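Just so you know, these numbers use all the heavy atoms, side chains as well, and skip hydrogens, waters and symmetry mates. For clarity, every value in this text was computed on a predicted model and none was experimentally measured.
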Amino acid sequence: MADEAVAERAAEPASHDPQKPQGSRSPEAPPRGRERGGERGGERGGDRGDEQAQGEAEAHDGPEAGDDEAAERAKERERAADRIKDLTRDPLAEEDGEDGPTDLAAAARARRAGRKLLTSGRDFTSFDRSRIGHAHIGDINVSLDARRSGVAMRGGPVPEEELRRLRRAHVEPAGYVRLRRALESRRLLVLGGAPGTGRTCTALALLDEVTRVGAGDGGRVRRFDPHQGEGVRGLVGEVNGREGGEGGKGGERRGTGYLLELALDRPGTLPPDEMDLDQLASTLAEGDAYAVVVVSVGSAANPLLAGRYGMVCPPAPSQELVTVRLRERLEEARDHEALERAARIAGDPEVIEAVGLDDLRPAEAELLASLLAEHLLGSLTREELLAGCRGIAAVQAHEWFAGVDRALAAAPSSGDGRTPVRSATAALFHPVAFRIALAVLGGGSHSAVSAAAHLLTWELSVQSDPDSTPSRPLFCDDPESDRALSRARSDNGAIDVAGAEVTGQLIFYRGSALPAAVLAEIWDRHFPVRAPVVRWLRLLADDPRPQVSVRAAVAAGELSVRDFEYGFGELVRPLAEASSPRRRVFAATALDQVAGHASHRKAVRKVVDDWSRYGTASLRWTAAMTLGHGRAADSVDAALDALARIGVRDQGRQLAVASLNVVRLLTLPECATVLRRLGQWAEDRREEYQDLALVTIVRLATTGVDEVLDDEPGTPLGDRGDWPLLLALAVTRPELTGTLADLLWTALNTARSRDVAFDALEALLRSASRGERGERGEGGESSERGERREGGGDRMRPGLAALLPALTSDEHDRQQLEWLLRRMMRDQDRPLTTEQASALWRLAVPARQRRSDEEESHG
């Protein structure tokens, strides 16, 4: 039939319908199904359509129009059609009576991001942490404890030997000259930095430089122990005492440099005020002395760093640190050619992945250099080298959490002998909570991570002190401090909000190894932390944002791998039985994450199989969602057996969720197996299996690739994330196009699924004709899901070009397409233009077939 004929008929008013060629029907109803040719697989669907069409005709045209039996049959057919339409709605949007679609695409992206963040083979690190403060590998024994603060250090002179070694090995950070000039001009420098970034070494290097000339004997650089006095005020007394010296002259102490490390993150510790710093600077000037006060970045130190004496210490460059340390090690071994070989090994992708840190701190650089040197000298095998590299992140995680609340455990009495004083617990736990939240939600928005960190801060504070209500200042958050103390970075990126992507600030760890290392540290070494973390993860499971709930589910799965008995009993099973679909999705995602580990796959498959057979309705629902990921059964056939068992039970009560997960299995390489099983269900004599097939076929046509795909972009399907899955499969798997067309034909020509199937086909046609966001129409939620993808219309045309000719191979099928195009052109809200309708007709009917139809019409 010519394109112009289609356009002309579509433009005709409804009153002209009687003059249409024989076989055309009014826009109110599509042509009824007919028996399909033998080469097709849809005969049974066509037969069902003919039988029901005949029943409709008898009920409508029979001599007794008011016959009760005929009316009852009509009502039954209407109920069956309504049931199919209801079953094609989103099964995840049942909570609180919601009818709107859930954002499956955002959930899929969040799951991929979470798996990429945590699934890195680090969950069973072979690094020996029996003495976590030191790394002892072969003959290497390097101190890695970055928590050595001024509180732990004793005062006294710094030996000249240590200063000489510092001069030889110190790598100047960016802005070092500016730091030195500030110290020379003001005599006092408040140097802020995160623990372990080399801030103390930089402070000592600065004091070494400014005191080389004019310093007396007895130690020109000295550490000051805060226990000797009240911080800065105590140092003022120290400088005054040394200035007086014996005999009141003290000339031998002039030019001395003092290092003071303040621990401002401890509860009850107050920072010095500006007047104290001014007094110290004046005293230093009188004694021709210098002082560097080292503080950790954070809300308590912000006033100090913003004052006239404050400056931030940048970290030293990682590559230079490693090179300097390597040169030291290899010079001792007198192997001058090994430096180039070591550089090549350090740049090996496998070594870089094993280290898993974007930048190294001084002690870490020293350890990596030692590992590389020992490997070059033959003391370490490559496996031992990689194991040692993986342990670097584990040591950092231990330093972050070891003894955080030790001060709280020894809190002083309030004075009445009964009530302990435990102030600022929330402030103490917030950095810890932020690191855990970042490990779970890293790659998400900074606001989501911060909000989750505050929730966890509350849980940790209550667990630590259940008799007190935690309090936290409202205006003391410092994003820069959070990033510095957690080795994090932020960047602009896409954030999913209500089904749309917007630009926002994302936050990540500066290293792929840190998230898994943090979770392993808190789960394996700090058992009391498990209870508040479990409560916190359950709270995150209720978050409506997929970037929060789904990422938390992936983390829960990784934690369960480390102790499956505990994780299953406290996280997976309770949420799998919950009444909320969101919580059951959380449990299913966590179970699939566990199944990703070969060591636990058999146990997960046993659990899911038992739930699918003997579980409650909630457990069967959760089992279905787990099966859709493709790893919770021994094979795709076994997964389909379990999904069919769930879908047809209890009169199809959970058929919707079963069909959704059958569609998710279509993204696997075994796609042909799934389509073959759909054909078998469609031909089954049992109506519940037919319904499972019909609902799955319609759902396939209305589901987008990005809603069900686990692959990253770069795969044939992954590059078509905005396509309907049906069209994407027709293009990427051309050998399956005929089967796909047969299945859709069956749904279009079966009475109870005809309406919703035509709505789905209309959504496919619109997606390639203009790709604009659709509004909810009479087709219901299925049509909306199919039309909501934006753009990419021209890109989707090859999908329709592959599918439509196979779907419209005979005159009756082309009549159905013609009817649908006319209906779309007459749509008052979203009319299809004549050009668009003609283009779609040309895609469906090849030119040779169009000429043949035109000749027949004129003949």
Side-chain angles (χ1 to χ4, degrees), residues 148-170 172-173 176-193 198-263 271-272 274-295 304 307-311 313:
R148 294 176 299 175
S149 65
V151 175
M153 290 183 180
R154 301 184 63 179
V158 179
E160 282 294 328
E161 181 181 352
E162 183 177 339
L163 293 176
R164 282 196 298 270
R165 183 185 181 281
L166 179 66
R167 284 194 294 271
R168 184 173 64 252
H170 182 252
E172 295 180 356
Y176 178 83
V177 175
R178 187 167 59 92
L179 296 176
R180 187 189 63 209
R181 289 175 179 171
L183 178 60
E184 289 174 339
S185 63
R186 301 170 189 165
R187 298 281 177 171
L188 173 62
L189 178 65
V190 178
L191 191 63
R199 57 185 187 174
T200 301
C201 291
T202 298
L204 288 173
L206 290 169
L207 292 172
D208 178 54
E209 282 200 52
V210 299
T211 60
R212 287 182 191 174
V213 180
D217 299 332
R220 56 190 179 87
V221 177
R222 304 181 67 89
R223 290 189 177 94
F224 178 70
D225 185 353
H227 287 170
Q228 296 179 2
E230 299 178 359
V232 169
R233 295 181 182 180
L235 182 55
V236 171
E238 174 79 4
V239 176
N240 277 328
R242 295 202 178 282
E243 166 61 16
E246 293 182 6
K249 295 183 180 180
E252 70 278 6
R253 302 298 187 194
R254 298 183 65 84
T256 301
Y258 297 94
L259 172 64
L260 170 62
E261 296 188 60
L262 292 179
E274 197 75 10
M275 293 183 61
D276 292 332
L277 296 177
D278 289 338
Q279 183 182 5
L280 176 58
S282 176
T283 304
L284 292 168
E286 292 175 2
D288 193 22
Y290 301 88
V292 177
V293 179
V294 175
V295 296
L304 296 177
R308 68 173 65 93
Y309 303 105
M311 299 185 74
C313 180

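A distance-only check finds a donor-acceptor pair linking the side chain of Thr202 to the backbone of Gly198 [under 3.5 Å]. Without hydrogens or angle criteria, Ser185 side chain to Ala182 main chain gives a donor-acceptor distance under 3.5 Å.
Contact between Leu166 and Cys201 at its shortest, heavy atoms only, is CD2-O, 3.9 Å. Between Gly257 and Leu207, the closest heavy-atom pair is CA-CD2, 3.9 Å.
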**Message:** With side chain to side chain contact (heavy atoms under 4.5 Å, CB included) as the criterion, how do Asp288 and Arg187 come out once you've worked through the C-alpha distance, each side chain's angles and the decisive distance to 0.1 Å?
**Reply:** CA-CA 8 Å; Asp288 193 22; Arg187 298 281 177 171; 2.8 Å; yes

**Request:** Please assess Val210 against Leu206 for the test side chain to side chain contact (heavy atoms under 4.5 Å, CB included), listing each intermediate value before the final yes or no.
**Result:** CA-CA 6 Å; Val210 299; Leu206 290 169; 5.7 Å; no

**Item:** Derivation and outcome, side chain to side chain contact (heavy atoms under 4.5 Å, CB included), residues Leu183 and Val292
**Value:** CA-CA 8 Å; Leu183 178 60; Val292 177; 4.0 Å; yes

**Asked** Step by step, would you call Arg199 with Val295 a side chain to side chain contact (heavy atoms under 4.5 Å, CB included)?
**Response** CA-CA 9 Å; Arg199 57 185 187 174; Val295 296; 5.9 Å; no

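For the salt bridge (charged side-chain N to carboxylate O under 4.0 Å, His left out) criterion with Asp208, the lone passing option out of Arg165, Arg164, Arg167, Arg180 is Arg167. The only option from Glu209, Arg181, His170 that meets the side chain to side chain donor-acceptor pair (under 3.5 Å) definition with Tyr176 turns out to be Glu209.
For the atom pair CZ of Arg186 and CG of Leu277, the computed distance is 12.0 Å after rounding to the nearest 0.5 Å. From Thr283, atom OG1 reaches atom CG of Asn240 across 4.5 Å, with rounding to the nearest 0.5 Å. With values rounded to the nearest 0.5 angstrom, Leu260 atom CG is found 6.0 Å from Leu235 atom CG.
For Arg223 and Glu261, the salt-bridge test fails: no basic side-chain N is under 4.0 Å from an acidic carboxylate O.
Residues Val221 and Leu259 are not in side-chain contact: their nearest non-hydrogen atoms beyond the backbone lie 4.5 Å or more apart. A 4.5 Å side-chain heavy-atom check between Pro272 and Leu262 finds at least one atom pair inside the cut-off. Contact annotation: the side chain of Arg220 approaches that of Leu163 to within less than 4.5 Å [non-hydrogen atoms, C-beta and beyond]. Between Gln279 and Arg233 there is no side-chain heavy-atom pair separated by less than 4.5 Å. For the pair Val293 and Leu189, the minimum side-chain heavy-atom distance is 4.5 Å or more. Looking only at side-chain heavy atoms (C-beta outward), Thr211 and Tyr290 come within less than 4.5 Å of each other.
A search for side chain to side chain donor-acceptor pair (under 3.5 Å) contacts involving Glu184 returns nothing, not counting sequence neighbours.
Between the side chains of Arg222 and Tyr258, no donor N or O sits under 3.5 Å from an acceptor N or O.
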